[in-house]
Each structure stands twice: as structure tokens, then as C-alpha cells.
Amino acid sequence: MAYKENNLPDNQYNSEEIEKRCTDFWEAENIYAYDKNASRENTFCIDTPPPTVSGSLHIGHIFSFTQTDITARFQRMSGKSVFYPIGWDDNGLPTERRVQNYYNIACNPNLPYDPDFKPEHKEKDESPRKEVSRKNFIEACEKLTGEDEGIFEQVFRRIGHSYDWSLKYTTISPDAIKVSQKSFVDLYAKNKVQLVEAPTMWDVTFKSAVAQAEVEDREVEGFFHDLKFKVEGSDESFVISTTRPELLPACLAIVAHPDDERYKKFFGKNAIVPLFDIPVPIMPAAHADMEKGTGIMMICTFGDAADVAWWKQSGLPIKQIIGQDGRIMDIEYGAGAFETLDEAKAKANFAQLKGLTTKQAKAKIVELLREDGALQGEPRRIMHAVKFYEKGSLPLEFVSSRQWFIKLLEEKDRMLAAGKEIHWVPEHMYHRYEDWTEGLNQEWCISRQRFFGVPFPVWYPVDNAGNPDYTNPIIAAEDRLPVDPMIDAPAGYTEDQRNQPNGFIGDCDIMDTWATSSLTPQIAMHFAPKDAPLSLPFDIRPQAHDIIRTWAFYTIAKALLHENTIPWKEILISGFILDPDRKKMSKSKGNVITPLNLIEKHSSDAVRYWAAKARLGIDTAFEEQIMSQGRKLVVKLFNAGKFVLAMVAASELATESNYKAHIVNGVDKAWQAKLASTAEAARKAFANNDYAQALEVTESRFWDFCDNYLEIVKKRAYSEDNKSAVASLMLTLDTFVKLFAPFCPFITEELYQIRPWKSAAEISVHKESFPSEASFSGLTGEAKLYDMVVAVVAEIRKAKTAANKPLKTPVESLEILLPADTDALLKTAQGDIENVGQINAGGITYAPAEALEVKNIVLGELVK
RNA sequence: GGGCGUGUAGCUCAGGUGGUUAGAGCGUUACGUUGACAUCGUAAAGGUCGCAGGUUCGAGUCCUGCCACGCCCACCA
């Protein structure tokens, strides 16, 4: 399609029109299509992060995604076929939460499907959430994510990200589910995944297991309670300080350090748990800290990870009293595992706790302990760190449940080696990965008791008594994927055998989002043409540093487990956008300054300029002024371009594609030498992943061009003998549009397209080769000459400014002192110097000196 | 407690392998508007380069220690 009707520059810069023209043109001409005919060596593969679709795009997205786009554009201009997919991460908890709030609904998997249910947006009110079936809930998720994704795409197109949109995927789509389930099936075959019933970190709000990587510590208020325990069969007693008295009925044992003289005598005896009169063994344990509290502590089911670890090696029975809803369970207390010396007392006390939340139970039990006399003094307030699910608001509990785990602990060494093989930018980010990998102490729990996500391709046989056999799961065959075990029956069974004796049940859990996100390279390849020469490792993975322990870590794990390779050669870690007060930018503030508002105000190119100014891995404060600065640059590009085009249009060279041969003037060739070195510097900076540096050198050369070179050649370009000047301006424009193209794809395309000398073979600036020193072969001269001319011009300007005179004030005479070896060189530029300085003919005199100097400037009178 | 990073002009940031008067943009001030410029240009003021030692002829740059801030990890009865 034709880019523009008349191919003339607009009178004024109008970002919206230019952006519209460009996006339409790129779309129509398929400028960014991935070329599968290129070899793998000639392909640059990007493992694009699929943004989480749960609400609106944040300016931080624009920031980091634009930085990747700049790299992609440079690689494309370096002759690579760029595989630059885009996907939306729409499965998982964030989406569920948003859908619940947006439609005011909640999923109840026990309800039947209602085909007439239509989700509608409801403003937040007090009305209870409408319960809907699992299928209705998933449909609501799909509806809302679909709408959100449309908006995301609009913004990403508007900001000029050069994805191949035909490769677009969503993580909840059947094909992505297939890839994810295939991964599970493969891991099962390789014995890298296992179903385990064990105490797991559990979020009571979301009623789901969580993985180590999703856990964070928060400083919260707590209280030490000093509890008196009697020692069985003696008059002795001791005091334990605990923050979790509500776990008293779940107490398994009492431990103290083996060398602790205070308690050594008790080892082997039993302590009596207050209120419940349960005898529990007093045992030595090396992890007990003599300095902390009273030096003696209780092990419960389960206070923390240390309790779990100790319990595992103790062989003692489990005493689970906290249910999956975070409340004290309804159990027959006083028998079995909870054997007691006084059943009636234990039952009576426990009955008062049943059904309470842990917080309520704590208050209740303190009351009971106080009555009982076991509580010594009053609870003492402390601040301590407690583990929370990163998206949760209540502390995690350890609840025993059946979950699928990927066995990563045995892969630690390989993981560390793989991390070293990958090039981290900036390098120090590797330490985060290393820290995390070395500190890993749990297998990766991938089951989630949620609804909107990838189902496990798993069923369990049911025996003739109606009990599921979890030891012999039925795994779906690969060619059946994707499957939903809650809808599809396993091979060899029929649907009417579901939940029946001698039948089967489906695994009702879904996978952790990361179990799917960790396969982004594999998913992207799955959505590419089947005969494309794509393979791991990809070239780059761009991402932020907060998800090194999740996304980066898990992706490396999956690539190792499946393909036995690293997933990418390089990982580029972007920084965060911080509020001006240097806190991480909050979503609430993001609503005020939305990306679209900023784009409309400053233009896409200007917003991209802002993103390009920041270096990788460095957190920067949000400063809108940088966008204004970017806009100034873009407007300047527009105006300078328009000016050059006007000067060229008057020349007979205007339509000559082989104009370069006319660059013969010394000053012009000197300028081209400067331009060539800038191009080379930009190229080198890009090769070093330092796009900010590439922009910096390009930008400063461009302002040099506008302030100096353009003024220096202006008069000559209007004169009779103007071919060299005009050709030089043409080459300059051709060069700058290419140098700026990765940063400002819109204004550069606009200028590129409306050049009168554009040939039919020239499709888009974004398909051009990025300039290098070699592009200027034979066109460059003595760069020094340019520097000297600029220095002389600067002195003349300074003299005029000092005298408060306009710059067009004529100069009667001036003296240039200069070294002998540059004398002849500078004199070749005398005409240009006279032009730009408004110097009277013959006004310049020369004298030898050590260094260049301009003296005795005599200003004339400006004739009106 | 362990690790990583940051600390340069009022603000936001640049400053390979140590080398002349430490840079940019914004902001401030003064002046000007040259044949493109919803402006633009020319200039000025503004810095003990976190602090203290050390290496060196020479340190913003290398070494040691300290301080402040941020982040990551671990512990947390």
C-alpha cells in the first residue's frame, strides 16, 4: 500500500496522524512478520514475557517491553529474522480474583452449568457474590480476559512494538494447555514429578497450596505467651515462650538444645500439655536455640517449616487441627493421636476452640490458659517475621494435603551450572538466581486448588469400595492432549464410571501459573509455523528482577528437564519504575497516569524515548519531563527533516538514488566522518545491550547536526554550487532515520517514506540495515576539520552573545590563530565560516600559534 | 545474620581498561531569534563526585574500613 497520498511533509508535527499512518502501513505490509525461511543462526529469538491480563497495563510494562522492542528492531536492522512472539498470560489466580470482583461472582464447583448465565460487570457493593458453576466461571474469565487483551493489544500496537501478531497466543488457550500438559506427561515419564501427601504451605484465604517462590516474609505484630508445662511424674516444671498458643492441642513434642544444662535432665521424660493433659516427649534437638525465649520450645502440627522438618525425622504422628479453611477442625479430641490423661478435660477445652479461626482460637485459648493458671504473666508484644502468600492477607498455615511436586532439589547442581552458562545483564543479577537456587529447600508444588488454569491430565482409579487409589494415577496419553479430567474420561473408562466404585475420578486441581509460564519458549515455538527452524536456546529473555526466583528459575528448570539445555543465551533484566518518592510504583497510581494518556500527550516516540533513556537493571524514578524531552527531540527530527527535504527538493539531486557520489566538499566529508563514527559507536553500544548509550551518542550527534552542521552548510545548500551540500544533507537524513529507527519508529518511518529519492526497493526504514562505519566507505574526510570549524563558529557566537547582539550581526574582522599543520585544512572551510558567522569578505586573517584560537573579533552594525 | 546494588549540580541521570578546568537534560538567570523549529538558539550560575584512610607522579574511577538508602536470601519458640 502507499504510505501517504501526497508524500509531502505535514505542516506541523501531529503524532496521532503519523502513528495511525505507520501502524496501518506496517500491518498492511507485514513489516514485522517472522521469516521462517531464515536459518536458526540468522534468527534472533526473543522469549517475550506474556503480560498478566488482570486489569490495565501499567507504565512499567511500557517501560520494559519497549526496551525489548528496541533490541528487536536493532536485530532486525542487523539482518536477523526476528522471532518476536507475544502472548497473554491469562490463566491463574490474578485473573480469577479480577473476575470475581468485576462480575461479583464466585466459583462453586458443585453447581451445575447454567447455559443462560451471562456475566455482567457490577459495581462494588455489599451484595454477596453470586455462586456459579466451574464452567460458567471459566467462561466469565475468558470473556473478561478477552476484553482486556483487546485493550492490551491496542496499547502495544500504538506504542509501536514490533511483534509478529500472527504468533499471538494466550496461556489458557487449548494449544497452550496442550504444551503445558505435555510437559507434565513428560516429567511424569521421566519420574521428575510425584504426588505426595504432606504438610504444605497453605493459604487459608485462597484455600490453595502455594510454592516456596510465592512466599514472602512480613513483619507483623505478635505476642509471646509464657506457658508453664509440668513434667510428668515429678514436681518440676518449665516455661515455654510461644507466639502460637492456639497450636497447643497440636503439640507433638518439646525440644531443647542437647547441651542445655537447664533441660538436659528432662530428656526422655514427658511434659504435660496444659489444658489438654497430653503427655508429650521432651527431646534434644540441635536446632533449638538456647538464647531464644526460654531455650525450650514446642513442636506442633505445624507452626513453621522447622516444625515440619523436625516432625519428618521424628517419626511422631501428625496432629492436624487446622483445616484447609484456616479454622480449628471438628475432631474427636482426646483419643487416637490425641491421647490424653484427662479425656473429659481435653474434650471440654477443645470444644471451645472448634470452628474458630486461628486468630479467634488464640484469643480463646489465652482466656482458658489464664483461668487454668498455665499462663505466666501477660502476653508480651513483639514484632516478628511471618510467612505470607505474596497475594494473601493472612499468614500461611502448614496443612497436610495431597499435591503434585516437581522434584527440583536433586537438580540444584545442574541448575546452578545452567545459570552460569547464561549471560546475565547486568551480571550481578546472577547472584539472585544463585542465592535462590542454593537456598531452595522444598520441591516445587505445582497443584493449586483453583479453577481457571491448566488441569492436570490425570485421573485416579476408584476401587470397589469407592476409594480412590492415588498410588496408581492414570496419566493421559500425549496424543489425547489437551484433556480436562473433570469432563473427559480416561482411556478404558466411560463417563458413567466417574465417581463410581471400580470407576475413576478426575484430578480436580489446576497447575500453578508458573508451571505454564515456565514454558514460554516452548509455547511460542508451538504457535510458530511447524516447519520453522526454531530451537532452544533462544537468544534473549527479557524480564524484571522480581521474578528471577520464579519465572527465570522455573524456565531454566523446565528447559533442563525437557530439552537438557539452557532456555536462552542471555537474560536481560530490566529495572523498575519507581514513584518519585522512590517506592515501587503502585497500581493505584498507575490508574492516574495510564500509558495511553502519556502516549496521547507526548506521542509514542516520546514515551519510547523515555523508556530508552534508562539502563538495564537500574530502577529509576518516574519523570514525565523525560517524555517532554523526547517529544522535543521528535519534533526537532520532524522539523529538521522537513527543512532538509525542502532544501533537497529544490535541487536536481532530489530524485537521484545514487546521490552519494556528489559529496566532495571537505567540510561535508568531515561531517560524514563524524556521522560515521557515531553510527559505529551506536552499533557497538547495541552489541553490548546498551541501547541507552546508543541513543545518547545518536541524539547528541543529531543536536550537533541541527545546531552546527545545518547552519554551516545552509547558505552553500542554497547557492549555485550546492550539489555536495545537498547530497551530504541527503545522506545525513538517511543516516539519522536509521539510527533513530529502533527508538522512534514512527517519525523515522514518516521521514523515510516521504523522501523524494526513495526507491521502489526501499520498503520501510525498519527493513533497512543499521548504519556502520562501512556504510560511509569513501565518503568521509578529516573529522578534525569539522571540529575546528565548529570551534571557530562557537567563538564568534560567544562574542555576539557577550555583546548582546543578534547572531546575524556582521563581523568586520577577526583573527584565527592556528597550528601550522592545520592551517591549510581550515582555510578550505573559509567560505562556510564566513557564511555562518556573517563575516565580511576578506575579514579573516590567520596567524600561526600552538593551538587554535579566535581573537580580535570586531562586530559590525546590523543593517535593518 | 549472609549477599547484591546504589550514593556525582536543586531534580533525574551519564561518566570502558585511573590522566588536562567532572558531563547531559530538566529547572533557575541573562541575552538573542539567523531562510526548519506548537518555538528554537547562545551563554551564565550551580558539584569538597556519601565519609575516612590507603596505593599512585596523578583517583569520581583501584584497595580497605565506615555511614545512609534500596533490594534479595536466611532465621524467626
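Chain A is the first sequence line, chain B the second, and so forth, proteins listed ahead of strands; every chain is numbered from 1.
- Pair assignment for B/A44 gives B/U28, based on Watson-Crick or G-U wobble hydrogen-bonding distances that are each under 3.5 Å.
- At least one side-chain nitrogen or oxygen of A/Lys632 sits closer than 4.0 Å to the OP1 or OP2 atom of B/C26.
- With A/Phe705 as the aromatic partner, A/Arg701 does not meet the cation-pi criteria of under 6.0 angstrom to the ring centre and within 45 degrees of the ring axis.
- Pair assignment for B/C66 gives B/G50, based on Watson-Crick or G-U wobble hydrogen-bonding distances that are each under 3.5 Å.
- Taking every heavy atom of residues 213-225 of chain A and every atom of RNA chain B, pairs under 4.0 Å involve A/Asp217, A/Phe224, by number.
- Put simply, OH on A/Tyr709 is 16 Å from C1' on B/A36, counting in whole angstrom units.
- Nucleotide B/C75 holds its P atom 12 Å from the CE atom of A/Met297, rounded to whole Å.
- With B/G41, B/U12, B/C75 as the choices, the nucleotide that has an atom nearest any side-chain atom of A/Lys387 turns out to be B/C75.
- The 12-atom threshold is exceeded at NZ of A/Lys805, counting heavy atoms of other residues, nucleotides or ligands nearer than 6.0 Å.
- Pairing partner, B/G58: none, since no Watson-Crick or wobble contact has both distances short of 3.5 Å.
- Only the P atoms considered, B/U12 is 28 Å distant from B/U20, to the nearest whole Å.
- Going from the P atom of B/A24 to that of B/A43 covers 11 Å, rounded to whole Å.
- Scanning all heavy atoms of the two residues, the minimum distance from A/Val607 to A/Ile62 falls at CG1-CG2, 3.8 Å.
- More than 12 heavy atoms of other residues, nucleotides or ligands sit less than 6.0 Å from atom CG of A/Asn441.
- Computed from coordinates, the A/Asp619 CG to B/C13 C1' distance equals 14 Å when rounded to whole Å.
- A/Lys684 comes within contact range of no nucleotide atom at all, as no heavy-atom separation falls under 4.0 Å.
- Rounding to whole angstrom units, CG of residue A/Asp546 and C1' of B/C72 are separated by 11 Å.
- Around the CD atom of A/Glu219, the shell of radius 6.0 Å holds more than 12 heavy atoms that belong to other residues, nucleotides or ligands.
- Among the atoms of the strands shown, none is found under 4.0 Å from any heavy atom of A/Arg244.
- Atom NE2 of A/His423 sits about 7.0 Å away from atom CG of A/Asn689, to the nearest 0.5 Å.
- Taking only side-chain atoms of A/Trp436, from C-beta outward, the nucleotide of B/C26, B/A14, B/C73 with the closest atom is B/C73.
- B/U8 and B/C51: their P atoms are spaced 10 Å apart (whole Å).
- Nucleotide B/C75 has no partner under the Watson-Crick or G-U criteria, as no pair reaches both atom distances under 3.5 Å.
- By the 6.0 Å contact criterion, CD on A/Glu221 is enclosed, its count of non-hydrogen atoms from other residues, nucleotides or ligands being greater than 12.
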Would you tabulate the pairs of protein nitrogen or oxygen atoms and nucleotide nitrogen or oxygen atoms of nucleotides 42-45 of chain B closer than 3.5 angstrom?
from: B/U42; atom 1: O2'; to: A/Thr801; atom 2: OG1; distance (Å): 2.5

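- Applying the 4.0 Å criterion to OP1 and OP2 of B/A74, one finds that A/Gln212 has a side-chain N or O inside that range.
- Taking the C1' atom of each, B/G70 and B/G15 are spaced 22 Å apart, rounded to whole Å.
- Under the Watson-Crick and G-U wobble criteria, each requiring two contacts below 3.5 Å, nucleotide B/A9 is left unpaired.
- With a cut-off of 3.5 Å on both Watson-Crick or G-U wobble distances, the partner of B/A14 is given as none.
- Side-chain atoms of A/Tyr718 lie closest to B/G35 of the nucleotides B/C75, B/G35, B/G27.
- Pairing of B/U33, defined by two Watson-Crick or G-U wobble distances under 3.5 Å, is not identified with any nucleotide.
- The same atom, C1', is picked in B/G18 and in B/G60; the two are 10 Å apart, to the nearest Å.
- Surrounding NZ of A/Lys412 are more than 12 heavy atoms belonging to other residues, nucleotides or ligands, all under 6.0 Å away.
- Each of A/Ile296, A/Ile254, A/Ile282 was checked for a side-chain contact (heavy atoms from CB on, under 4.5 Å) with A/Tyr263, and the lone residue meeting it is A/Ile296.
- Atom CG in A/Leu695 sits roughly 12 Å away from atom C1' in B/G25 (whole-Å rounding).
- Aromatic ring centres of A/Phe576 and A/His545 lie closer together than 6.0 Å.
- Within 4.0 Å of A/Asp435, counting heavy atoms only, lies at least one base atom of the nucleic acid.
- A straight line from CD1 of A/Ile626 to C1' of B/C13 spans 7 Å, rounded to a whole angstrom.
- Look at the C1' atom in both B/U28 and B/A45: the space between them is 8 Å, to the nearest Å.
- Side-chain contact annotation: A/Trp671 with A/Ser728, donor-acceptor N/O pair under 3.5 Å absent.
- Checked against a 6.0 Å centroid threshold, the rings of A/Phe743 and A/Phe686 count as neighbours.
- Along RNA chain B, the nucleotide nearest to A/His384 and the one nearest to A/Arg432 differ in position, and the one closer to the 5' end is contacted by A/Arg432.
- In this structure, A/Ala614 reaches neither bases nor backbone, as no heavy-atom distance under 4.0 Å exists between it and the strands shown.
- For A/Lys808, whose side chain is taken as the heavy atoms from C-beta onward, the closest listed nucleotide among B/G15, B/U34, B/G32 is B/U34.
- RNA chain B is contacted by A/Asn639, A/Ala640, A/Lys642, A/Phe643 of residues 637-647 of chain A, taking any non-hydrogen atom closer than 4.0 Å.
- Counting any heavy atom pair closer than 4.0 Å across all strands shown, A/Glu711 reaches a base atom.
- Counting non-hydrogen atoms under 4.0 angstrom, A/Trp703 reaches the backbone sugars and phosphates but no base.
- In this structure, of B/C75, B/C40, B/A14, it is B/A14 that holds the atom nearest to the side chain of A/Ile618.
- Among the candidates A/Asp832, A/Asn722, A/Asn835, the single residue satisfying the side-chain hydrogen bond (donor to acceptor under 3.5 Å, both in side chains) test with A/Arg716 is A/Asp832.
- Rounding to whole angstrom units, OH of residue A/Tyr433 and C1' of B/G3 are separated by 17 Å.
- Counting heavy atoms of neighbouring residues, nucleotides and ligands inside a 6.0 Å radius, atom NZ of A/Lys312 does not exceed 12 of them.
- Applying the 3.5 Å distance criterion, the base of B/A38 shares a donor-acceptor pair with the side chain of A/Gln12.
- Atom CZ of A/Phe576 and atom C1' of B/U12 are 19 Å apart (whole Å).
- Take the nearest nucleotide of RNA chain B for A/Thr294 and for A/Asp690: the residue whose nucleotide is more 5' is A/Asp690.
- Using the Watson-Crick or G-U wobble rule with both distances under 3.5 Å, B/A22 pairs with nothing in any strand shown.
- Straight-line distance between the P atoms of B/C31 and B/G35: roughly 22 Å, to the nearest whole Å.
- Spacing of P atoms, B/G19 relative to B/G58, comes out at 14 Å, to the nearest Å.
- In this pair, A/Phe229 and A/Phe238 present their aromatic rings parallel. The plane angle is below 30°, not in the 30 to 60° band.
- Environment of CG in A/Asn6: crowded, with over 12 heavy atoms of neighbouring residues, nucleotides or ligands closer than 6.0 Å.
- Here A/Tyr13 does not count as stacked on B/A38, because the ring centres are not under 5.5 angstrom apart with planes under 30°.
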